[in-house]
J.: 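Quick one: this structure, given as structure tokens, is what I'll be asking you about.
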Amino acid sequence: MAEERRLERLSAMLRRRGVVLPAFDIYGGVSGLIDYGPVGAAIRRRITQKWVDHWLSHGDIVEIDSPTITPEPVLVASGHVGEFNDLMTECKACGSVFRADHLVEHLHPNADSLASDAIDELLGSGIECPSCSDSAWTASLPMNLMFTTRIGAMSAGRTAYMRPETAQGMFMLYPALYRHFRQKLPFGAIQTGKGYRNEISPRQGMIRLREFNMAELEYFIDPEQPPTADLNRRSEIVMLVPDPDGPHAGEVRMGFGAALDAGIVRHPTVAWFLARTWDFLIEVGIDPARIRFRQHASTEMAHYAADCWDCEIHGEHGWIECVGIANRTCHDLESHETHSKAKGLRAWRQFAEPRSQTIERLAPNGSVIGPTFRADAGAVVAALEGLTELPDELPFDLTLADGRTVTIEPGMVERRIETANVSGEWFTPHVIEPAFGIDRIIWHVLDHAYEEAQKEGEDYTFMRLAEGISSVDCVVLPLFDKDGMPDLACEVTAAINALPHARAEMDSSKSIGRRYARADEIGVPWALTVDHTSLEDGSVTVRRRDDQVQIRAFVDEILQHLAAGTMQNLF
RNA sequence: GCGUUCAUGGUGUAGGGGUUAGCACAAGAGGUUUCCAACCUCUUAGCCCGGGUUCAAAUCCCGGUGAGCGCACCA
């Protein structure tokens with residue numbers, strides 16, 4: 001089969017078999033929105049569940065769930081509103097797109113606060129296109145990639161957005177998480193769910209969607225004691241593409257431990273999550289040879305990230321970012337603390353030994369300062385408390401916060417030397433965030449599993465999905481649609497479906513070979529065939545998808561192996 | 001958003017100003033068959049949407065929507 005048409009054949013199969021389809025298709029479809037059909041939705045649920053289990057197994061990570069509708073102030077604090085409300089304009093001559101405020105910043109001191117009308121006026125004053133020197137601009141348009149909505153009716157409504165990431169939900173719950181974990185770092189919270197970005201130009205099937213499935217972990221740590229794991233016990237060699245502007249530019253192959261030791265991965269916890277990301281991707285069936293980790297250059301770093309790695313997977317669309325692992329430092333919690341004025345977005349760091357601190361201060365004498373400065377007394381007291389260097393003698397001139405100066409006379413203050421035992425301090429935890437694009441991962445799972453083969457001269461396709469990922473675990477096939485075989489097949493199907501995590505479907509239409517082919521195409525790993533012998537002794541044949549080898553086994557032992565995930569042991 | 005190619009049953013395609021719109025595969029019913037897309041009979045099902053030109057549009061023109069590719073964008 002011609003290799004160059006593989007993408008079309010794969011996409012056609014996904015539509016035909018109800019894996020992934022265009023959404024709202026009977027109304028013409030909407031770009032960037034997709035449906036998961038019966039097969040795809042089952043695969044998605046199982047992959048998502050594996051992701052949840054993967055992180056919950058750490059023991060210090062819990063799952064939460066937050067609203068998708070998010071009030072505006074949250075996203076102002078996170079930076080999503082301010083950073084991405086930029087007005088864009090396009091050169092009519094060459095088609096280049098620019099941030100409108102950047103083009104006119106020499107004409108206005110605060111260009112990024114201008115409305116589009118004002119910007120357009122400035123643009124019309126003869127601003128030249130940086131790439132072609134023409135000066136004809138389209139009307140500037142805001143390019144906020146968030147979907148807007150309102151909470152509440154009419155003018156009483158508050159502006160809100162559909163969340164562009166699930167992460168803010170974890171930050172909102174930080175105080176509850178801190179309590180849940182009995183005030184001890186490190187700990188993490190995960191959330192899976194929908195995220196929304198009103199992409200200008202969705203492309204490439206399920207790679208850039210307007211509504212997509214995300215799965216994010218926020219792991220809160222003490223930056224002075226970052227959690228480490230022994231990565232040198234791991235044996236895999238992975239492809240790394242370090243920061244092109246840094247000392248390790250280029251492409252290297254090494255283990256996670258070696259990369260950390262070499263300073264390529266700069267943070268031990270980030271390195272640990274790179275490794276755990278690798279584990280997950282392997283578990284769901286991504287080809288290890290087509291995974292690489294790429295470090296962001298400082299120029300492409302997200303506005304909140306201090307260091308960032310993309311995990312990219314290679315498929316029909318080239319190398320695609322499927323996971324972002326960012327060290328967001330204290331950016332989010334600190335910003336939410338400032339904007340919301342909430343306490344409780346910090347953690348307590350106990351010193352190994354209490355520190356005895358001796359502080360010399362000028363204690364204000366309220367009964368003198370009050371009557372003397374009256375309305376300014378508060379500011380004077382604040383300025384006194386804020387002094388970092390105490391004057392040697394009185395009187396002295398004290399500068400207030402607003403710049404004015406007052407004279408402090410003896411009697412207004414009392415010089416005190418205070419000793420306090422300090423047993424610890426409050427600090428804002430840092431956050432390491434692995435963020436997974438579930439749809440992109442599913443695409444690559446399907447891409448890597450899809451195999452076009454030949455079978456007796458005929459084209460034949462397999463989905464070599466990992467066990468536990470396929471939409472059902474096995475199909476049950478009555479060899480003939482008569483003689484009681486369908487009844488027995490029904491019983492076997494029901495018995496399997498009664499197991500907690502196993503799924504079976506029965507298929508009795510058309511020839512046995514065709515039914516095997518149908519199951520192979522959507523990746524069902526096992527086929528149980530009920531034949532005449534089954535009617536006599538209750539045994540069935542078990543066919544393994546990956547090599548079409550068959551053995552005979554009794555239903556009871558098959559049930560045990562399906563429940564335990566050890567079907568391979570039958571062979 | 002710009003440029004470009006394209007849009008025919010579930011899938012892949014042929015055709016094309018007046019046609020019963022053809023084919024293959026898939027699917028459904030029946031027959032046959034002792035385990036890998038076999039065979040026979042029958043059946044279901046299609047010209048993306050909206051305007052225009054024309055006696056007549058699925059076909060030509062314009063617009064929209066969707067898909068692919070290139071440029072731009074992609075926190």
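A note on names: the letters A, B, ... follow the listed sequences, proteins ahead of strands, and every chain is numbered from 1.
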J.: Using atom C1' of each nucleotide, how far apart are B:A14 and B:C73 to the nearest Å?
T.: 40 Å

J.: How would you label the contact of A:Ser31 with the nucleic acid (heavy atoms, under 4.0 Å): base, sugar-phosphate, or nothing?
T.: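 Answer is sugar-phosphate: A:Ser31 comes under 4.0 Å of backbone atoms only.
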
J.: Say you pick atom C1' in B:C49 and the same atom in B:A58; how far apart are they, in whole Å?
T.: 13 Å

J.: Assess A:Arg543 against A:Tyr516: is NZ or CZ under 6.0 Å from the centre of the six-membered ring, and within 45 degrees of the ring's axis?
T.: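 Yes; both conditions hold, so A:Arg543 lies above the ring face of A:Tyr516.
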
J.: Rounded to whole Å, how long is the line connecting atom CZ of A:Arg16 with atom P of B:C25?
T.: 14 Å

J.: Can you tell me how far P in B:C62 sits from the matching atom in B:C6, rounded to whole Å?
T.: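 Their P atoms lie roughly 13 Å apart.
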
J.: Give me the distance, rounded to whole Å, that separates B:C2 from B:G64 when you measure between the P atoms they each carry.
T.: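 Between the two P atoms, the distance is 9 Å.
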
J.: Is the phosphate of B:G28, meaning OP1 or OP2, less than 4.0 Å from a side-chain N or O of A:Ser509?
T.: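 A:Ser509 to B:G28 OP1/OP2: side-chain N or O found under 4.0 Å.
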
J.: Who is the Watson-Crick or G-U wobble partner of B:G1, with both distances under 3.5 Å?
T.: B:C71

J.: Which base, if any, makes a Watson-Crick or G-U wobble pair with B:G46, both distances under 3.5 Å?
T.: none

J.: Which part of the nucleic acid, if any, lies within contact of A:Tyr27, taking any heavy atom under 4.0 Å across all strands shown: a base, the sugar-phosphate backbone alone, or nothing?
T.: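 It contacts nothing in the nucleic acid.
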
J.: Atom CD1 of A:Ile26 and atom P of B:G9: how far apart are they, to the nearest Å?
T.: 15 Å

J.: Using both distances under 3.5 Å as the test, list the Watson-Crick or G-U wobble partner of B:U41, or none.
T.: B:A29

J.: Output yes when at least one side-chain N/O atom of A:Arg17 is less than 4.0 Å from OP1 or OP2 of B:U11, else no.
T.: no

J.: For the P atoms, the ones on B:G66 and on B:G31, what distance do you get once it is rounded to whole angstrom?
T.: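 B:G66 and B:G31 have their P atoms separated by 47 Å.
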
J.: Give a yes/no on whether any side-chain N or O of A:Arg210 is located under 4.0 angstrom from OP1 or OP2 of B:C74.
T.: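 Checking A:Arg210 against B:C74: no side-chain N or O falls below 4.0 Å of OP1 or OP2.
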
J.: Strictly below 4.0 Å: does A:Ser201 bring a side-chain N or O up to OP1 or OP2 of B:C73?
T.: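 No, no such contact exists.
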
J.: Does A:Arg464 make a cation-pi contact with A:Phe462 (under 6.0 Å, within 45 degrees of the axis)?
T.: yes

J.: On RNA chain B, compare the nucleotides closest to A:Lys510 and A:Asp531; which residue's is nearer the 5' end?
T.: A:Lys510

J.: Side chain of A:Arg208, base of B:C73: donor and acceptor closer than 3.5 Å?
T.: yes

J.: Is there a donor N/O on one and an acceptor N/O on the other, under 3.5 Å, for the side chain of A:Arg543 and the base of B:C36?
T.: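 Result: at least one qualifying N/O pair found.
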
J.: How is A:Arg203 classified with respect to the nucleic acid when contacts are heavy atoms under 4.0 Å: base, sugar-phosphate, or nothing?
T.: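 Base, at least one base heavy atom under 4.0 Å.
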
J.: Between B:U43 and B:G10, how many Å separate the two C1' atoms, rounded to a whole number?
T.: 15 Å

J.: Please determine, for B:C23, whether a Watson-Crick or G-U wobble partner exists with both distances under 3.5 Å, and give it or none.
T.: B:G12

J.: Write down the distance between NE2 (A:His296) and P (B:A75), rounded to a whole number of angstrom.
T.: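 It works out to 8 Å between those atoms.
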
J.: Would you tell me if any nitrogen or oxygen in the side chain of A:Arg440 comes within less than 4.0 Å of OP1 or OP2 on B:C74?
T.: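 Looking at the OP1 and OP2 atoms of B:C74, neither is under 4.0 Å from any side-chain N or O of A:Arg440.
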
J.: Taking CZ from A:Arg6 and P from B:G68, how many angstroms apart are they, rounded to a whole number?
T.: 16 Å

J.: Determine, for A:Trp319 and A:Arg292, whether the Lys NZ or Arg CZ falls below 6.0 Å from the six-membered ring centre while staying within 45 degrees of the axis.
T.: yes

J.: Can you find a side chain N or O atom of A:Arg514 that sits less than 4.0 Å from OP1 or OP2 on B:C36?
T.: no

J.: Between C1' on B:C36 and CD on A:Gln454, what's the gap in Å once rounded to a whole number?
T.: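 From A:Gln454 CD to B:C36 C1': 15 Å.
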
J.: Between the base of B:C35 and the side chain of A:Tyr516, is there a donor-acceptor distance below 3.5 Å?
T.: yes

J.: Any N or O donor-acceptor pair under 3.5 Å from the base of B:C35 to the side chain of A:Thr541?
T.: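 Under the 3.5 Å cut-off, the side chain and the base do form a donor-acceptor pair.
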
J.: Round to a whole Å and report the spacing from CZ of A:Arg15 to C1' of B:A7.
T.: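 The distance from CZ of A:Arg15 to C1' of B:A7 comes to 12 Å, rounded to the nearest Å.
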
J.: Rounded to the nearest Å, what distance is computed from the CD atom of residue A:Glu8 to the C1' atom of nucleotide B:G66?
T.: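 Nearest whole value for this atom pair: 16 Å.
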
J.: Searching all strands shown, indicate the nucleotide that pairs with B:C35 (Watson-Crick or G-U wobble; both distances under 3.5 Å).
T.: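 Matched B:C35 with nothing under the 3.5 Å cut-off.
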
J.: Looking at A:Asp243, is its backbone amide N or carbonyl O close enough to the side chain of A:Gln295 to form a donor-acceptor pair, meaning the two atoms are under 3.5 Å apart?
T.: yes

J.: Tell me which nucleotide, if any, is Watson-Crick or G-U wobble paired with B:U65 when both distances must be under 3.5 Å.
T.: B:A7

J.: For B:C60 and B:G17, measure between their C1' atoms and round to the nearest Å.
T.: 8 Å

J.: Measure from the side-chain N and O atoms of A:Thr428 to the backbone N and O of A:Leu333, and report whether any donor-acceptor pair falls under 3.5 Å.
T.: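 Flag not set: sc A:Thr428 to bb A:Leu333 has no pair under 3.5 Å.
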
J.: When you compare the side chain of A:Val323 with that of A:Ile441, does any pair of heavy atoms fall below 4.5 Å?
T.: yes

J.: Can you identify which nucleotide, out of B:C74, B:G12, B:C36, has its nearest atom closest to the A:Arg5 side chain?
T.: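 Nearest to the side-chain atoms of A:Arg5, counting from C-beta on, is B:G12.
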
J.: Could you please name the partner base of B:C55, counting Watson-Crick and G-U wobble pairs only when both distances are under 3.5 Å?
T.: B:G18

J.: Go nucleotide by nucleotide along RNA chain B from the 5' end; which of A:Ser534 and A:Glu321 gets its closest nucleotide reached first?
T.: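 That would be A:Ser534.
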
J.: What integer distance in Å separates A:His317:NE2 from B:C74:P?
T.: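 Value for this atom pair: 20 Å.
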
J.: If you measure from the C1' atom in B:G9 to the same atom in B:C48, how many Å do you get, rounded?
T.: 14 Å

J.: So does A:Gln548 reach the base of B:C36 with its side chain, donor to acceptor, closer than 3.5 Å?
T.: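 Per atom types, no contact qualifies.
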
J.: A:Val74 versus A:His80: any side-chain heavy-atom pair under 4.5 Å?
T.: no

J.: Among B:U33, B:C36, B:U11, find the nucleotide with the atom closest to the side chain of A:Gln550.
T.: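 Within the option list, the nearest is B:C36.
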
J.: Calculate, to the nearest 0.5 Å, the distance between atoms CG and CD1 belonging to A:Asn327 and A:Ile221 respectively.
T.: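 One finds 6.5 Å between CG of A:Asn327 and CD1 of A:Ile221.
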
J.: Looking at A:Trp309, A:Phe280, A:Trp55, which one forms a ring pair (Phe, Tyr, Trp, His ring centres under 6.0 Å) with A:Phe273?
T.: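 Testing each of A:Trp309, A:Phe280, A:Trp55 against A:Phe273, the sole residue satisfying ring pair (Phe, Tyr, Trp, His ring centres under 6.0 Å) is A:Trp55.
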
